[in-house]
Amino acid sequence: MLTALADPTRRRLLDLLAVRGAASATELAGDLPVTRQAVVKHLAVLDAAGLVAGQRVGREVRFEVRSAALDATARWMATLAADWDRRLARIKAVAEAAEAAEVAARESER
């Protein structure tokens with residue numbers, strides 16, 4: 001999923017679908033500097049990652065965002081970010097304590 005989100009064109013496709021709702025590859029290609037065939041390939045990657053779903057309507061396939069997959073990814077990333085914030089806060093506290101001990105040691109030598 002993160003590989004699918006790493007590409008700026010795919011992120012733009014998700015943004016367009018989120019704002020517009022269901023759309024065909026042809027409609028989406030009109031808002032991007034890539035061909036319709038490239039849009040189809042990007043949508044296939046997003047579909048494989050579970051981020052969009054395509055449904056045939058007549059002769060075209062209309063794609064829409066699968067918000068549940070994005071919500072799950074956002075929750076996972078928020079949890080990961082919180083873990084890193086806690087780790088960094090501990091590192092900062094250790095570094096500040098070490099610095100304070102060093103300052104106190106220098107002052108006691110005077």
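Quick note: residue numbers are just sequence positions, from 1. FYI, side chains are in, hydrogens and waters are out, and symmetry mates aren't considered; it's all heavy atoms of this structure.
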| task | Please test Trp76 against Asp71 for side-chain contact (heavy atoms from CB on, under 4.5 Å), starting from the C-alpha separation and ending with a verdict. | result | CA-CA 9 Å; Trp76 172 76; Asp71 291 344; over 6 Å; no
| salt bridge (charged side-chain N to carboxylate O under 4.0 Å, His left out) between Arg62 and Glu64: does it pass, once the steps are laid out? | CA-CA 7 Å; Arg62 301 199 53 83; Glu64 59 188 349; over 6 Å; no
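Of all heavy-atom pairs spanning Leu51 and Ala69, the tightest one is CD2-CB, 4.2 Å. Taking every heavy atom of both residues into account, Ala23 and Arg20 meet most closely at CB-CD, 3.7 Å. Between Ala53 and Arg66, the closest heavy-atom pair is CB-NE, 3.7 Å. Taking all atoms of both residues into account, the shortest heavy-atom contact from Thr3 to Arg10 is O-NH2, 3.5 Å. Nearest heavy-atom pair across Val65 and Ala18 is CG2-N, 3.8 Å. Heavy-atom minimum distance, Arg11 versus Leu5: NH1-O, 2.9 Å.
By the rule that hydrophobic residues join a cluster once side-chain heavy atoms approach within less than 4.5 Å of another member, Val45 and Met1 end up as members of separate clusters. Hydrophobic clustering (side-chain heavy atoms under 4.5 Å, transitive across Ile, Leu, Val, Met, Phe, Trp, Tyr) keeps Leu13 apart from Val19. Tracing side-chain contacts under 4.5 Å through hydrophobic residues (I, L, V, M, F, W, Y), one never reaches Val40 starting from Val52; they form parts of separate clusters.
Atom OG1 of Thr73 sits about 7.0 Å away from atom CG of Leu2, to the nearest 0.5 Å. Rounded to the nearest 0.5 angstrom, Glu107 CD and Glu109 CD are separated by 10.5 Å.
Between Phe63 and Leu16, every side-chain heavy-atom pair lies at or beyond the 4.5 Å cut-off. With contacts defined as side-chain heavy-atom distances shorter than 4.5 Å, the pair Thr9/Arg12 does not qualify. Taking the side chain as every heavy atom from C-beta outward, Arg36 and Leu28 never approach each other to under 4.5 Å. Residues His42 and Asp7 form a side-chain contact, since some pair of their non-hydrogen atoms from C-beta on lies under 4.5 Å apart.
With salt bridges taken as basic N to acidic carboxylate O contacts below 4.0 Å, none links Arg56 and Glu60.
The closest donor-acceptor contact from the side chain of Arg87 to the backbone of Ala82 lies at 3.5 Å or more, if one exists at all.
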